[in-house]
Participant: 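Take a look at this one; I'll ask things after.
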Amino acid sequence: MKLLVTGGAGFIGSAVVRRATAEGHAVVNLDALTYAACLENVASVADHPGYAFVQGDIRDGALLARVFSEHQPDAVMHLAAESHVDRSIDGPGAFIETNVLGTYTLLQAARGYWEGRGRPDVFRFHHISTDEVFGSLGPTGRFTETTPYDPRSPYSASKASSDHLVRAWHETYGLPVVLTNCSNNYGPFHFPEKLVPVVILNAIHGRPIPVYGAGENVRDWLYVEDHAEALLVVLEKGRVGRSYNIGGENEAKNIDLVRMICTILDEMRPEGAPHDRLITFVTDRPGHDLHYAIDPARIREELGWRPSVTLEEGLRRTVAWYLDNEDWWRPLLDRDGVGRRLGVSA
């Protein structure tokens, strides 16, 4: 199968590219190479005969038409997105442009390509989204595929909008789509503005580890390699028009997650231990959702997939990767916004 992967130089997208290539798929990686993208993420497959890279923006309809015409993919895996909640608070416009208008432009290009080829049944448009579209749970409960949408941030609102567009293009035009909504990802190649890499890198440097509020916010954590595997399962086996929630079955309070990372660092990098002495509670994010949790019953029962990496094991792999790959993360610390508090302009 030949896949067009948008955002394939990003964190989750690059995991999909590496996994798909390993499974024998041909991959066309379309990425605009914005601040959070790194071609080093896909360096391991750059010379693979079935891999091609195209630098371009999903808002560029003419470019998309050329990419579809030249490469003739069997499926689209749409991961290109602005994804950092704090940045969406400071600059929501970029999230509307990429996540809403970009998704619309990509849908139109995919529709034109699909219709031009005679509307083949085997074509798929796989839209990858987030559990944040569902809003915030109370102390208990889990999101299912039928949970009403209730986005609370510019980021989640833009992703909810893109989800609705994808469903509309299926219902109105018949475009064969599948959708997935995932919980918080972590793992190797995670851009150093998100919680897990921030904790690791601040601890390594002996700097304060910022924790929003009291650290009581609960998230379900999904190892990125598990997620990439699940996305390909949904692409190949998922029912057209259906959505699937992908969770890690690893819920944890933010403060507990941070302390787990500190304990692992105490073992792997004992200089500076105990690292939890660096934990510093800071003013909470505006509109910070209390609790996300995924009910993964549908993907488990219909497609036979469930995560294989526990939170403890995944965090150990992630910490070890960052300790061993300073050449990857060191240059990223100079990119715009990295290392300073964002999302406080509300």
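What you see is a predicted model; the values in this text were computed from it and never measured.
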Participant: Is the His205-Trp329 ring centre distance short of 6.0 angstrom?
Facilitator: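 Yes, ring centres under 6.0 Å apart.
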Participant: For a quick test of reading the model, state the closest non-hydrogen atom pair linking Asn41 to Arg18 and the distance between them.
Facilitator: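 Closest heavy-atom pair between Asn41 and Arg18: O-NH1, 2.9 Å.
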Participant: For a quick test of reading the model, state the closest non-hydrogen atom pair linking Gly213 to Phe281 and the distance between them.
Facilitator: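 Heavy-atom minimum between the residues: O-CD2, 3.2 Å.
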Participant: Would you say the side chain of Ile294 lies within less than 4.5 Å of the side chain of Ile246, judging by non-hydrogen atoms?
Facilitator: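 A side-chain contact is absent here, since even the closest heavy-atom pair is not under 4.5 Å.
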Participant: Check whether Arg300 reaches the backbone of Asp295 with its side chain - one donor and one acceptor, N or O, closer than 3.5 Å.
Facilitator: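 A pair under 3.5 Å: no.
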Participant: Going by the rule side chain to side chain contact (heavy atoms under 4.5 Å, CB included), which residues pair with Ser162 if we only count those two or more places apart in sequence or in a different chain?
Facilitator: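 With sequence neighbours excluded, Ser162 shows a side chain to side chain contact (heavy atoms under 4.5 Å, CB included) to Thr103, His127, Lys159, given in chain and number order.
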Participant: Does NZ or CZ of Arg117 fall inside the cone over Phe123's six-membered ring, less than 6.0 Å from its centre and within 45° of the axis?
Facilitator: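 No cation-pi geometry.
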Participant: Between Asp163 and Asn181, do the side chains contain an N or O donor and an N or O acceptor separated by less than 3.5 Å?
Facilitator: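 Checked: Asp163/Asn181 side chains pair up, N/O donor to acceptor below 3.5 Å.
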Participant: Verify, without hydrogens or angle tests, whether Lys2 (side chain) and His71 (backbone) share a donor-acceptor contact under 3.5 angstrom.
Facilitator: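 Side chain of Lys2 to backbone of His71: a pair is present.
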Participant: Using distance alone, with no hydrogens and no angle criterion, decide if Glu132 and Tyr292 have a side-chain donor and acceptor under 3.5 Å apart.
Facilitator: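 The criterion, which ignores hydrogens and geometry beyond distance, is satisfied for Tyr292 and Glu132.
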Participant: Could you go through the salt bridge (Lys or Arg N to Asp or Glu O under 4.0 Å) check for Glu193 and Arg335 one step at a time?
Facilitator: CA-CA 10 Å; Glu193 67 180 358; Arg335 294 197 180 181; over 6 Å; no
Participant: Does Tyr322 belong to the same Ile/Leu/Val/Met/Phe/Trp/Tyr cluster as Met268, with side-chain heavy atoms less than 4.5 Å apart forming each link?
Facilitator: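 Tyr322 clusters together with Met268.
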Participant: If we count only N and O atoms by modelled type, under 3.5 Å, do the side chains of Thr310 and Asn250 hold a donor and an acceptor together?
Facilitator: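 Looking only at side-chain atoms, Asn250 and Thr310 do not form any donor-acceptor pair under 3.5 Å.
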Participant: Over 60° means perpendicular and under 30° means parallel, so classify the ring planes of His288 and Tyr212, tilted if in between.
Facilitator: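 Ring orientation, 0 to 90° scale: perpendicular.
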Participant: Is there a donor-acceptor pair under 3.5 Å between the side chain of Trp328 and the backbone N or O of Phe189?
Facilitator: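 No, the answer is negative, given that no donor and acceptor are paired below the 3.5 Å cut-off.
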Participant: For a salt bridge (Lys or Arg N to Asp or Glu O under 4.0 Å) check, start with the C-alpha distance between Glu225 and Arg317, then their side-chain angles and the critical distance, and finish with the verdict.
Facilitator: CA-CA 11 Å; Glu225 302 294 344; Arg317 293 184 191 180; over 6 Å; no
Participant: Quick check on side-chain hydrogen bond (donor to acceptor under 3.5 Å, both in side chains): which of Glu216, Glu251, Arg142, Arg219 does His291 satisfy it with?
Facilitator: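 Going through the options one by one, the only one that passes is Glu251.
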Participant: Does the side chain of Arg316 come within less than 4.5 Å of Glu267's, by heavy atoms?
Facilitator: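 A side-chain contact under 4.5 Å exists here.
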Participant: Between Glu70 and Arg66, does the salt bridge (Lys or Arg N to Asp or Glu O under 4.0 Å) criterion hold? Intermediate values first, please.
Facilitator: CA-CA 6 Å; Glu70 177 180 348; Arg66 291 195 300 272; over 6 Å; no
Participant: In terms of the angle between their ring planes, are Phe143 and Phe134 parallel, tilted or perpendicular, with boundaries placed at 30° and 60°?
Facilitator: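 Taking Phe134 first and then Phe143, their aromatic rings sit tilted (interplane angle of 30° to 60°).
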Participant: Within the structure provided, determine whether Leu106 and Trp169 are in side-chain contact (heavy-atom separation under 4.5 Å).
Facilitator: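 No, too far: nothing below the 4.5 Å cut-off.
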Participant: Please find the pair of heavy atoms, one from Pro154 and one from Pro92, that lie closest to each other, and give the distance.
Facilitator: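 Smallest interatomic distance, heavy atoms only, reads CB-CB, 3.8 Å.
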Participant: Look only at the side chain of Tyr244 and the backbone of Arg239, and say whether a donor-acceptor pair between them is shorter than 3.5 Å.
Facilitator: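 Flag set: sc Tyr244 to bb Arg239 pair under 3.5 Å.
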Participant: So does Val17 get a backbone contact from the side chain of Tyr51, meaning a donor-acceptor N/O pair under 3.5 Å?
Facilitator: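 Not a single qualifying donor-acceptor pair exists.
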Participant: Given the rule in the salt bridge (Lys or Arg N to Asp or Glu O under 4.0 Å) test, do Glu115 and Arg111 qualify, once you have shown the distances and angles that lead to the verdict?
Facilitator: CA-CA 6 Å; Glu115 290 178 344; Arg111 174 191 164 205; 3.2 Å; yes
